[in-house]
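Whatever order the structure lists them in is the order used to number ligands and atoms, beginning at 1. Note that these values count all heavy atoms, side chains included, but never hydrogens, waters or copies made by symmetry.
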Amino acid sequence: MIIRPKIRGFICITAHPEGCEKNVQRQIDYVKSREEIARTPKKILLIGSSTGYGLASRIVASFGCKADTVGVYFERPEMDGKPASAGFYNARALDKFSREEGRLSESVNGDAFSDDIKRKTIALIREKLGKIDGVIYSLASPRRTDPLSGETYKSVLKPIGSAFSGKTVNTDTEQILEISIDPATDGEIEATRKVMGGEDWERWIDQLLAADVLAEDVQTCAYSYIGPEVTWPIYAHGTIGKAKDHLEQSAKIIQNKLKNLGGKAAISVNKAVVTQASSAIPVVPLYNSVLFKIMKQRGTHEGCIEQMYRLFSSNFDGNRDEQGRIRLDNLEMDGGVQREVKEIWAKISTENLREFSDFEGYCQDFLHLFGFNLPGVDYEKEVEIS
Ligand code: NAD
(Lines give C-alpha, C1' and ligand atoms only; values in the text may rest on other atoms or scores of the structure.)
Protein backbone atom coordinates (compact mmCIF):
# COMPACT_ATOMS: atom_id res chain seq x y z
CA MET A 1 0.00 0.00 0.00
CA ILE A 2 0.95 3.65 -0.37
CA ILE A 3 0.97 5.28 3.07
CA ARG A 4 0.02 8.93 3.35
CA PRO A 5 -0.39 11.05 6.45
CA LYS A 6 -3.92 10.98 7.85
CA ILE A 7 -4.07 13.77 10.37
CA ARG A 8 -6.92 13.92 12.87
CA GLY A 9 -6.54 17.04 15.00
CA PHE A 10 -3.32 16.76 16.96
CA ILE A 11 -2.52 13.19 15.92
CA CYS A 12 -1.61 11.43 12.69
CA ILE A 13 -3.23 8.00 12.55
CA THR A 14 -0.83 6.59 9.95
CA ALA A 15 2.94 6.17 10.08
CA HIS A 16 5.53 5.34 7.44
CA PRO A 17 7.95 2.51 8.34
CA GLU A 18 10.80 3.66 6.12
CA GLY A 19 10.27 7.28 7.16
CA CYS A 20 10.36 6.36 10.84
CA GLU A 21 13.55 4.40 10.24
CA LYS A 22 15.03 7.43 8.52
CA ASN A 23 13.99 9.61 11.46
CA VAL A 24 15.82 7.27 13.85
CA GLN A 25 18.83 7.13 11.52
CA ARG A 26 19.06 10.93 11.42
CA GLN A 27 19.17 11.07 15.21
CA ILE A 28 21.82 8.34 15.30
CA ASP A 29 23.86 10.31 12.75
CA TYR A 30 23.68 13.38 14.98
CA VAL A 31 24.95 11.42 17.99
CA LYS A 32 27.73 9.84 15.95
CA SER A 33 28.82 13.29 14.78
CA ARG A 34 29.45 14.20 18.43
CA GLU A 35 32.05 12.89 20.86
CA GLU A 36 31.52 9.50 22.50
CA ILE A 37 30.14 9.82 26.04
CA ALA A 38 32.39 8.00 28.47
CA ARG A 39 31.18 8.51 32.02
CA THR A 40 27.55 7.45 32.09
CA PRO A 41 25.58 4.32 32.84
CA LYS A 42 26.29 1.44 30.48
CA LYS A 43 23.25 -0.76 31.10
CA ILE A 44 20.11 1.27 30.87
CA LEU A 45 16.38 0.68 31.19
CA LEU A 46 14.29 3.28 29.35
CA ILE A 47 10.58 3.45 30.13
CA GLY A 48 8.66 5.24 27.36
CA SER A 49 11.41 4.74 24.79
CA SER A 50 9.68 4.68 21.41
CA THR A 51 9.02 8.34 20.61
CA GLY A 52 10.01 11.86 21.65
CA TYR A 53 12.39 12.32 24.56
CA GLY A 54 12.47 8.64 25.50
CA LEU A 55 13.46 7.59 21.97
CA ALA A 56 16.17 10.25 21.81
CA SER A 57 17.41 9.11 25.23
CA ARG A 58 17.69 5.55 24.00
CA ILE A 59 19.51 6.63 20.85
CA VAL A 60 22.04 8.61 22.90
CA ALA A 61 22.37 5.70 25.36
CA SER A 62 23.00 3.17 22.61
CA PHE A 63 25.10 5.21 20.19
CA GLY A 64 26.62 7.94 22.38
CA CYS A 65 27.33 5.94 25.56
CA LYS A 66 27.59 2.57 23.77
CA ALA A 67 25.25 1.23 26.44
CA ASP A 68 23.16 -1.92 26.36
CA THR A 69 19.50 -0.95 26.60
CA VAL A 70 16.09 -2.34 27.42
CA GLY A 71 13.23 -0.18 26.15
CA VAL A 72 9.61 -0.30 27.34
CA TYR A 73 6.82 1.30 25.34
CA PHE A 74 3.19 0.84 24.37
CA GLU A 75 2.78 0.82 20.60
CA ARG A 76 0.39 -0.66 18.05
CA PRO A 77 1.88 -3.24 15.65
CA GLU A 78 0.70 -3.61 12.06
CA MET A 79 -2.76 -5.13 12.07
CA ASP A 80 -5.44 -5.96 9.50
CA GLY A 81 -3.46 -4.28 6.73
CA LYS A 82 -3.09 -1.05 8.72
CA PRO A 83 0.32 0.48 9.44
CA ALA A 84 1.74 0.26 12.95
CA SER A 85 2.11 3.34 15.14
CA ALA A 86 5.22 5.45 14.61
CA GLY A 87 6.73 4.35 17.91
CA PHE A 88 6.50 0.71 16.87
CA TYR A 89 8.52 1.40 13.72
CA ASN A 90 10.96 3.65 15.62
CA ALA A 91 11.64 0.98 18.23
CA ARG A 92 12.07 -1.72 15.59
CA ALA A 93 14.55 0.46 13.69
CA LEU A 94 16.47 1.27 16.84
CA ASP A 95 16.77 -2.39 17.86
CA LYS A 96 18.02 -3.20 14.36
CA PHE A 97 20.61 -0.42 14.18
CA SER A 98 21.87 -1.03 17.73
CA ARG A 99 22.27 -4.77 17.21
CA GLU A 100 24.11 -4.15 13.93
CA GLU A 101 26.73 -2.40 16.05
CA GLY A 102 26.90 -5.28 18.50
CA ARG A 103 24.96 -3.62 21.30
CA LEU A 104 22.29 -5.38 23.27
CA SER A 105 18.93 -3.79 22.50
CA GLU A 106 15.81 -5.47 23.88
CA SER A 107 12.27 -4.15 23.78
CA VAL A 108 9.10 -4.79 25.76
CA ASN A 109 5.85 -3.61 24.16
CA GLY A 110 3.06 -3.30 26.72
CA ASP A 111 1.53 -1.23 29.48
CA ALA A 112 4.42 0.01 31.63
CA PHE A 113 1.97 0.95 34.39
CA SER A 114 1.06 -2.69 34.90
CA ASP A 115 2.88 -5.01 37.29
CA ASP A 116 2.83 -7.69 34.60
CA ILE A 117 5.03 -5.64 32.26
CA LYS A 118 7.28 -4.67 35.17
CA ARG A 119 7.76 -8.36 35.97
CA LYS A 120 8.45 -9.25 32.32
CA THR A 121 10.94 -6.40 32.00
CA ILE A 122 12.74 -7.35 35.21
CA ALA A 123 12.99 -10.99 34.05
CA LEU A 124 14.50 -9.78 30.78
CA ILE A 125 16.99 -7.54 32.61
CA ARG A 126 18.01 -10.39 34.86
CA GLU A 127 18.48 -12.74 31.94
CA LYS A 128 20.26 -10.42 29.53
CA LEU A 129 21.96 -7.71 31.60
CA GLY A 130 22.28 -8.88 35.17
CA LYS A 131 22.10 -5.47 36.80
CA ILE A 132 21.35 -2.05 35.36
CA ASP A 133 22.99 1.23 36.30
CA GLY A 134 20.56 3.63 34.59
CA VAL A 135 16.75 4.05 34.57
CA ILE A 136 15.16 6.72 32.39
CA TYR A 137 11.49 7.43 33.00
CA SER A 138 9.91 9.17 30.00
CA LEU A 139 6.26 8.15 29.93
CA ALA A 140 3.58 10.46 28.60
CA SER A 141 0.15 8.90 28.65
CA PRO A 142 -3.48 9.98 28.73
CA ARG A 143 -4.49 7.19 31.14
CA ARG A 144 -3.23 4.77 33.75
CA THR A 145 -4.77 1.79 35.46
CA ASP A 146 -3.57 1.64 39.04
CA PRO A 147 -2.34 -1.94 39.54
CA LEU A 148 -3.37 -1.89 43.21
CA SER A 149 -6.97 -0.72 42.90
CA GLY A 150 -7.65 -1.66 39.26
CA GLU A 151 -9.08 1.83 38.78
CA THR A 152 -8.33 3.65 35.51
CA TYR A 153 -7.45 7.34 35.75
CA LYS A 154 -7.59 9.80 32.84
CA SER A 155 -5.31 12.82 32.80
CA VAL A 156 -6.64 16.20 31.67
CA LEU A 157 -4.92 19.36 30.47
CA LYS A 158 -6.81 22.03 32.36
CA PRO A 159 -6.13 25.12 34.45
CA ILE A 160 -6.58 25.02 38.20
CA GLY A 161 -8.68 27.50 40.17
CA SER A 162 -10.07 29.66 37.36
CA ALA A 163 -10.93 29.33 33.70
CA PHE A 164 -8.22 30.06 31.16
CA SER A 165 -8.63 32.04 27.95
CA GLY A 166 -5.80 32.44 25.55
CA LYS A 167 -4.46 32.09 22.05
CA THR A 168 -3.96 28.80 20.33
CA VAL A 169 -3.55 27.66 16.74
CA ASN A 170 -5.81 25.25 14.91
CA THR A 171 -3.08 23.36 13.09
CA ASP A 172 -5.50 22.09 10.39
CA THR A 173 -6.90 25.47 9.37
CA GLU A 174 -3.89 27.62 10.42
CA GLN A 175 -6.24 29.89 12.32
CA ILE A 176 -5.39 31.55 15.57
CA LEU A 177 -8.28 31.24 17.97
CA GLU A 178 -9.11 32.27 21.48
CA ILE A 179 -9.78 29.18 23.54
CA SER A 180 -11.41 29.02 26.88
CA ILE A 181 -10.92 26.08 29.21
CA ASP A 182 -12.83 25.60 32.44
CA PRO A 183 -10.84 24.79 35.56
CA ALA A 184 -10.30 21.18 36.54
CA THR A 185 -12.33 19.56 39.27
CA ASP A 186 -10.51 18.11 42.29
CA GLY A 187 -11.11 14.66 40.83
CA GLU A 188 -9.44 15.65 37.55
CA ILE A 189 -6.45 17.15 39.37
CA GLU A 190 -6.02 13.93 41.31
CA ALA A 191 -6.50 11.74 38.21
CA THR A 192 -3.80 13.68 36.33
CA ARG A 193 -1.46 13.25 39.30
CA LYS A 194 -2.14 9.51 39.27
CA VAL A 195 -1.23 9.30 35.57
CA MET A 196 1.59 11.81 35.14
CA GLY A 197 2.94 12.14 38.70
CA GLY A 198 5.70 10.01 40.16
CA GLU A 199 3.72 7.11 41.61
CA ASP A 200 4.55 4.71 38.79
CA TRP A 201 8.21 5.79 38.61
CA GLU A 202 8.51 4.97 42.31
CA ARG A 203 6.77 1.63 41.77
CA TRP A 204 9.28 0.73 39.06
CA ILE A 205 12.18 1.57 41.37
CA ASP A 206 10.61 -0.39 44.25
CA GLN A 207 10.23 -3.47 42.09
CA LEU A 208 13.70 -3.15 40.53
CA LEU A 209 15.16 -2.82 44.03
CA ALA A 210 13.19 -5.78 45.35
CA ALA A 211 14.44 -7.89 42.44
CA ASP A 212 18.01 -6.77 43.17
CA VAL A 213 18.71 -5.74 39.58
CA LEU A 214 19.96 -2.22 40.34
CA ALA A 215 23.73 -1.81 40.37
CA GLU A 216 25.80 0.33 42.76
CA ASP A 217 25.71 4.04 41.86
CA VAL A 218 22.58 3.58 39.74
CA GLN A 219 21.17 6.79 38.29
CA THR A 220 17.54 7.45 37.47
CA CYS A 221 16.06 10.48 35.76
CA ALA A 222 12.54 11.63 34.83
CA TYR A 223 11.57 14.55 32.62
CA SER A 224 9.62 17.69 33.39
CA TYR A 225 8.69 21.02 31.81
CA ILE A 226 8.17 24.49 33.22
CA GLY A 227 8.01 26.92 30.28
CA PRO A 228 7.16 30.62 30.14
CA GLU A 229 4.25 32.64 31.45
CA VAL A 230 2.08 32.27 28.33
CA THR A 231 1.81 28.54 28.98
CA TRP A 232 1.62 28.62 32.79
CA PRO A 233 -2.19 28.57 33.19
CA ILE A 234 -2.41 25.43 31.07
CA TYR A 235 0.94 23.86 31.97
CA ALA A 236 3.00 24.76 35.05
CA HIS A 237 0.02 26.03 37.07
CA GLY A 238 -2.43 23.56 35.57
CA THR A 239 -3.21 19.90 36.18
CA ILE A 240 -0.09 18.67 34.39
CA GLY A 241 2.12 21.06 36.40
CA LYS A 242 0.62 19.73 39.60
CA ALA A 243 1.44 16.19 38.45
CA LYS A 244 5.01 17.30 37.68
CA ASP A 245 5.28 18.71 41.23
CA HIS A 246 4.44 15.22 42.42
CA LEU A 247 7.07 13.75 40.07
CA GLU A 248 9.63 16.07 41.68
CA GLN A 249 8.62 14.94 45.16
CA SER A 250 8.97 11.34 44.00
CA ALA A 251 12.53 12.05 42.88
CA LYS A 252 13.40 12.92 46.48
CA ILE A 253 11.71 9.78 47.81
CA ILE A 254 13.46 7.63 45.20
CA GLN A 255 16.83 9.24 45.92
CA ASN A 256 16.37 8.18 49.53
CA LYS A 257 15.47 4.64 48.53
CA LEU A 258 18.65 4.41 46.44
CA LYS A 259 20.86 5.65 49.27
CA ASN A 260 22.24 2.23 50.16
CA LEU A 261 23.38 1.75 46.58
CA GLY A 262 24.90 5.23 46.40
CA GLY A 263 22.32 5.92 43.68
CA LYS A 264 20.84 9.20 42.49
CA ALA A 265 17.44 10.33 41.24
CA ALA A 266 17.15 13.47 39.13
CA ILE A 267 14.56 15.58 37.39
CA SER A 268 15.58 17.09 34.09
CA VAL A 269 13.53 20.08 32.96
CA ASN A 270 13.64 19.81 29.19
CA LYS A 271 12.97 22.29 26.41
CA ALA A 272 9.64 22.47 24.57
CA VAL A 273 9.82 20.29 21.46
CA VAL A 274 7.30 18.77 19.05
CA THR A 275 6.24 15.31 20.20
CA GLN A 276 2.99 13.40 20.13
CA ALA A 277 2.41 14.36 23.76
CA SER A 278 3.18 18.08 23.40
CA SER A 279 1.08 18.44 20.23
CA ALA A 280 -1.99 17.57 22.31
CA ILE A 281 -1.53 20.43 24.76
CA PRO A 282 -3.54 23.57 23.90
CA VAL A 283 -1.40 26.71 23.36
CA VAL A 284 1.84 24.68 23.09
CA PRO A 285 1.87 24.22 19.26
CA LEU A 286 1.55 28.00 18.83
CA TYR A 287 4.14 28.69 21.50
CA ASN A 288 6.52 26.20 19.85
CA SER A 289 6.04 27.83 16.44
CA VAL A 290 6.93 31.24 17.88
CA LEU A 291 9.79 29.87 20.00
CA PHE A 292 11.39 27.92 17.16
CA LYS A 293 11.53 31.00 14.93
CA ILE A 294 13.35 32.97 17.62
CA MET A 295 15.70 30.16 18.64
CA LYS A 296 16.54 29.28 15.04
CA GLN A 297 17.35 32.94 14.33
CA ARG A 298 19.68 32.93 17.33
CA GLY A 299 21.20 29.58 16.40
CA THR A 300 20.14 28.06 19.74
CA HIS A 301 17.30 25.81 18.58
CA GLU A 302 17.42 22.20 19.76
CA GLY A 303 15.27 19.12 19.25
CA CYS A 304 14.96 15.98 21.41
CA ILE A 305 18.25 14.49 20.29
CA GLU A 306 20.38 17.59 20.98
CA GLN A 307 18.75 17.94 24.40
CA MET A 308 19.31 14.31 25.34
CA TYR A 309 22.91 14.39 24.11
CA ARG A 310 23.45 17.32 26.49
CA LEU A 311 21.80 15.48 29.37
CA PHE A 312 23.75 12.26 28.98
CA SER A 313 27.07 13.98 28.31
CA SER A 314 26.66 15.93 31.56
CA ASN A 315 26.19 12.54 33.27
CA PHE A 316 22.78 13.74 34.51
CA ASP A 317 24.27 16.69 36.30
CA GLY A 318 25.40 20.24 35.56
CA ASN A 319 23.23 23.35 35.34
CA ARG A 320 21.06 22.68 38.41
CA ASP A 321 18.55 25.18 39.77
CA GLU A 322 17.81 25.98 43.43
CA GLN A 323 15.48 22.98 43.64
CA GLY A 324 18.24 20.72 42.35
CA ARG A 325 16.57 20.17 38.97
CA ILE A 326 18.73 19.86 35.85
CA ARG A 327 17.80 22.79 33.59
CA LEU A 328 18.18 21.72 29.96
CA ASP A 329 15.63 24.42 29.14
CA ASN A 330 18.15 27.20 29.82
CA LEU A 331 18.33 28.33 26.18
CA GLU A 332 14.55 28.38 25.85
CA MET A 333 14.13 30.33 29.08
CA ASP A 334 16.83 32.87 28.19
CA GLY A 335 15.54 36.36 29.06
CA GLY A 336 16.03 37.74 25.53
CA VAL A 337 14.27 34.77 23.92
CA GLN A 338 11.30 35.07 26.25
CA ARG A 339 11.05 38.87 25.77
CA GLU A 340 10.74 38.24 22.03
CA VAL A 341 8.16 35.49 22.62
CA LYS A 342 6.09 37.93 24.66
CA GLU A 343 6.27 40.66 22.01
CA ILE A 344 5.26 38.31 19.22
CA TRP A 345 2.58 36.67 21.34
CA ALA A 346 0.80 40.00 21.72
CA LYS A 347 0.57 40.59 17.99
CA ILE A 348 0.37 37.16 16.38
CA SER A 349 -2.81 36.50 14.39
CA THR A 350 -4.09 34.25 11.60
CA GLU A 351 -2.91 36.81 9.04
CA ASN A 352 0.70 37.00 10.23
CA LEU A 353 1.15 33.45 11.61
CA ARG A 354 3.77 32.43 9.05
CA GLU A 355 5.57 35.78 9.24
CA PHE A 356 5.97 35.87 13.03
CA SER A 357 6.40 32.19 13.75
CA ASP A 358 8.03 29.09 12.37
CA PHE A 359 4.70 27.37 11.81
CA GLU A 360 6.28 25.71 8.78
CA GLY A 361 9.00 24.19 10.98
CA TYR A 362 6.40 23.08 13.51
CA CYS A 363 4.41 21.24 10.81
CA GLN A 364 7.59 19.71 9.42
CA ASP A 365 8.56 18.37 12.86
CA PHE A 366 5.03 17.06 13.36
CA LEU A 367 5.10 15.09 10.09
CA HIS A 368 8.58 13.76 10.88
CA LEU A 369 7.18 12.23 14.11
CA PHE A 370 5.16 9.87 11.94
CA GLY A 371 7.86 9.26 9.34
CA PHE A 372 6.53 11.66 6.69
CA ASN A 373 8.25 14.39 4.64
CA LEU A 374 11.72 13.03 5.28
CA PRO A 375 14.29 13.53 2.54
CA GLY A 376 15.44 10.37 0.78
CA VAL A 377 12.24 8.41 1.35
CA ASP A 378 10.19 7.43 -1.71
CA TYR A 379 6.64 7.95 -0.50
CA GLU A 380 5.20 6.76 -3.83
CA LYS A 381 6.68 3.29 -3.31
CA GLU A 382 4.34 0.49 -2.23
CA VAL A 383 4.88 -0.56 1.39
CA GLU A 384 4.12 -4.10 2.46
CA ILE A 385 1.99 -4.23 5.59
CA SER A 386 1.16 -7.48 7.33
P1 NAD B 1 5.87 11.06 23.66
O2 NAD B 1 4.40 11.05 23.46
O3 NAD B 1 6.73 11.32 22.47
O4 NAD B 1 6.39 9.65 24.29
C5 NAD B 1 5.66 8.94 25.22
C6 NAD B 1 6.27 7.56 25.40
O7 NAD B 1 5.53 6.90 26.44
C8 NAD B 1 6.16 6.65 24.17
O9 NAD B 1 7.33 5.85 24.07
C10 NAD B 1 4.97 5.75 24.49
O11 NAD B 1 4.99 4.47 23.87
C12 NAD B 1 5.16 5.63 25.98
N13 NAD B 1 3.94 5.22 26.68
C14 NAD B 1 2.78 5.89 26.82
N15 NAD B 1 1.90 5.17 27.58
C16 NAD B 1 2.55 4.03 27.92
C17 NAD B 1 2.21 2.90 28.68
N18 NAD B 1 1.03 2.78 29.28
N19 NAD B 1 3.12 1.91 28.79
C20 NAD B 1 4.33 1.99 28.19
N21 NAD B 1 4.73 3.05 27.48
C22 NAD B 1 3.84 4.06 27.33
O23 NAD B 1 6.15 12.10 24.83
P24 NAD B 1 7.33 13.11 25.20
O25 NAD B 1 6.89 14.48 24.85
O26 NAD B 1 8.64 12.61 24.72
O27 NAD B 1 7.27 13.03 26.79
C28 NAD B 1 8.15 12.26 27.57
C29 NAD B 1 8.41 13.00 28.88
O30 NAD B 1 9.09 14.23 28.58
C31 NAD B 1 7.13 13.38 29.63
O32 NAD B 1 7.35 13.27 31.01
C33 NAD B 1 6.96 14.85 29.27
O34 NAD B 1 6.22 15.57 30.22
C35 NAD B 1 8.43 15.29 29.25
N36 NAD B 1 8.68 16.57 28.54
C37 NAD B 1 8.21 16.78 27.28
C38 NAD B 1 8.46 18.00 26.66
C39 NAD B 1 7.96 18.29 25.27
O40 NAD B 1 7.99 19.46 24.84
N41 NAD B 1 7.51 17.30 24.53
C42 NAD B 1 9.20 19.00 27.32
C43 NAD B 1 9.70 18.73 28.59
C44 NAD B 1 9.43 17.51 29.20
Side-chain angles (χ1 to χ4, degrees), residues 10-12 15 23 45-59 71-77 84-91 94 107-118 120-121 136-147 152-155 157 192 195-198 200-201 203-204 221-227 231 235-236 238-241 243-248 250-251 267-281 283-285 287-288 291-292 302-305 307-308 311 325-329 332-333 362 365-366 368-370:
F10 53 76
I11 190 85
C12 177
N23 201 16
L45 166 66
L46 300 104
I47 303 155
S49 62
S50 53
T51 56
Y53 272 125
L55 172 67
S57 304
R58 195 170 183 202
I59 291 173
V72 183
Y73 50 80
F74 205 7
E75 300 291 350
R76 191 189 66 239
S85 58
F88 182 89
Y89 291 134
N90 291 339
L94 181 63
S107 293
V108 179
N109 189 3
D111 181 7
F113 295 129
S114 71
D115 282 350
D116 182 41
I117 287 297
K118 288 184 177 71
K120 276 191 186 140
T121 308
I136 299 295
Y137 191 82
S138 185
L139 285 190
S141 173
R143 72 186 66 79
R144 168 177 174 234
T145 300
D146 183 336
T152 299
Y153 295 91
K154 287 189 182 151
S155 64
L157 295 158
T192 309
V195 181
M196 289 299 288
D200 181 62
W201 183 23
R203 198 166 175 82
W204 268 101
C221 187
Y223 302 146
S224 188
Y225 182 67
I226 297 175
T231 64
Y235 201 99
T239 47
I240 180 75
K244 292 295 185 188
D245 290 346
H246 185 265
L247 188 77
E248 287 181 25
S250 302
I267 294 287
S268 174
V269 180
N270 301 344
K271 170 187 180 285
V273 291
V274 182
T275 65
Q276 292 187 36
S278 73
S279 307
I281 307 175
V283 184
V284 169
Y287 168 68
N288 275 344
L291 178 75
F292 292 1
E302 292 174 307
C304 290
I305 197 69
Q307 284 266 294
M308 291 303 99
L311 179 66
R325 299 171 297 200
I326 301 163
R327 298 302 295 263
L328 283 184
D329 64 342
E332 171 185 357
M333 298 312 289
Y362 175 86
D365 282 1
F366 181 80
H368 288 173
L369 295 180
F370 305 93

Counting C-beta onward and ignoring hydrogens, is there a side-chain heavy-atom pair between [X] and [Y] closer than 4.5 Å?
X	Y	answer
F113	S141	yes
M196	Y153	no
Y137	D200	yes
S224	R325	no
I117	F74	no
I47	W201	no

List ligand 1 atoms under 4.0 Å from [X], heavy atoms only on the residue side.
X	answer
G110	19 (N), 20 (C)
F113	18 (N)
K244	31 (C), 32 (O), 33 (C), 34 (O)
G52	3 (O), 26 (O)
S224	43 (C), 44 (C)
A272	40 (O)
A277	2 (O), 23 (O), 25 (O)
S49	9 (O)

Among all protein heavy atoms in this structure, tell me which lies nearest to [atom], with the distance rounded to 0.1 Å.
atom	value
atom 30 (O) of ligand 1	Y223 CB, 3.5 Å
atom 25 (O) of ligand 1	T275 OG1, 2.6 Å
atom 9 (O) of ligand 1	S50 OG, 2.7 Å
atom 3 (O) of ligand 1	T51 OG1, 2.9 Å
atom 28 (C) of ligand 1	S138 OG, 3.1 Å
atom 11 (O) of ligand 1	E75 OE2, 2.8 Å
atom 15 (N) of ligand 1	S141 CB, 3.5 Å
atom 42 (C) of ligand 1	K271 O, 3.3 Å

For this session: Quick one: pull up CG in L45 and CZ in R58 and give me the separation to the nearest 0.5 Å.
Result: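 Here the interatomic distance stands at 9.5 Å.
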
Problem set entry | Between CZ on residue R76 and CZ on residue F88, distance to nearest 0.5 Å |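 Interatomic distance, R76 CZ to F88 CZ, rounded to 0.5 Å: 10.5 Å.
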
Exercise. What do you reckon, does V273 have a nitrogen or oxygen under 3.5 Å from a nitrogen or oxygen of ligand 1?
Worked result: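 V273 vs ligand 1: N/O contact under 3.5 Å present.
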
Exercise. Are any of the N or O atoms of A112 closer than 3.5 Å to those of ligand 1?
Worked result: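 Right, the criterion is met.
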
For this session: Could you walk me through whether E332 and Y225 pass the side chain to side chain donor-acceptor pair (under 3.5 Å) test, one step at a time?
Result: CA-CA 11 Å; E332 171 185 357; Y225 182 67; 2.6 Å; yes

For this session: Report the part of A222 in contact with ligand 1, treating N, CA, C, O as backbone and CB onward as side chain, heavy atoms under 4.0 Å; options are side chain, backbone, both, neither.
Result: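 For A222, there is no contact with ligand 1 at all, from either part.
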
Exercise. Are S50 and E75 linked by a side-chain donor-acceptor pair shorter than 3.5 Å?
Worked result: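 On atom types as modelled, these side chains qualify, holding a pair under 3.5 Å.
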
Exercise. Is R143 salt-bridged to D111, cutoff N-O under 4.0 Å?
Worked result: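 Looking at D111 together with R143, the answer is no, because their closest N to O distance does not fall below 4.0 Å.
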
For this session: Can you figure out which of Y235, Y53, F74 has its heavy atom closest to atom 37 (C) of ligand 1?
Result: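 The option holding the nearest heavy atom is Y53.
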
Problem set entry | Winner among S278, A140, G48, C304 once heavy atoms are compared against atom 14 (C) of ligand 1 |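 Considering heavy atoms of S278, A140, G48, C304, the nearest to atom 14 (C) of ligand 1 sits in A140.
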
Problem set entry | Residues which pass ring-ring contact (aromatic ring centres under 6.0 Å, His included) with F366, listed by chain and number, not counting sequence neighbours |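 ring-ring contact (aromatic ring centres under 6.0 Å, His included) check on F366 returns F370.
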
For this session: State, to 0.1 Å, how close S278 and V284 come at their nearest heavy-atom pair, and which atoms those are.
Result: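 Here S278 and V284 meet closest at O-CG1, 3.7 Å.
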
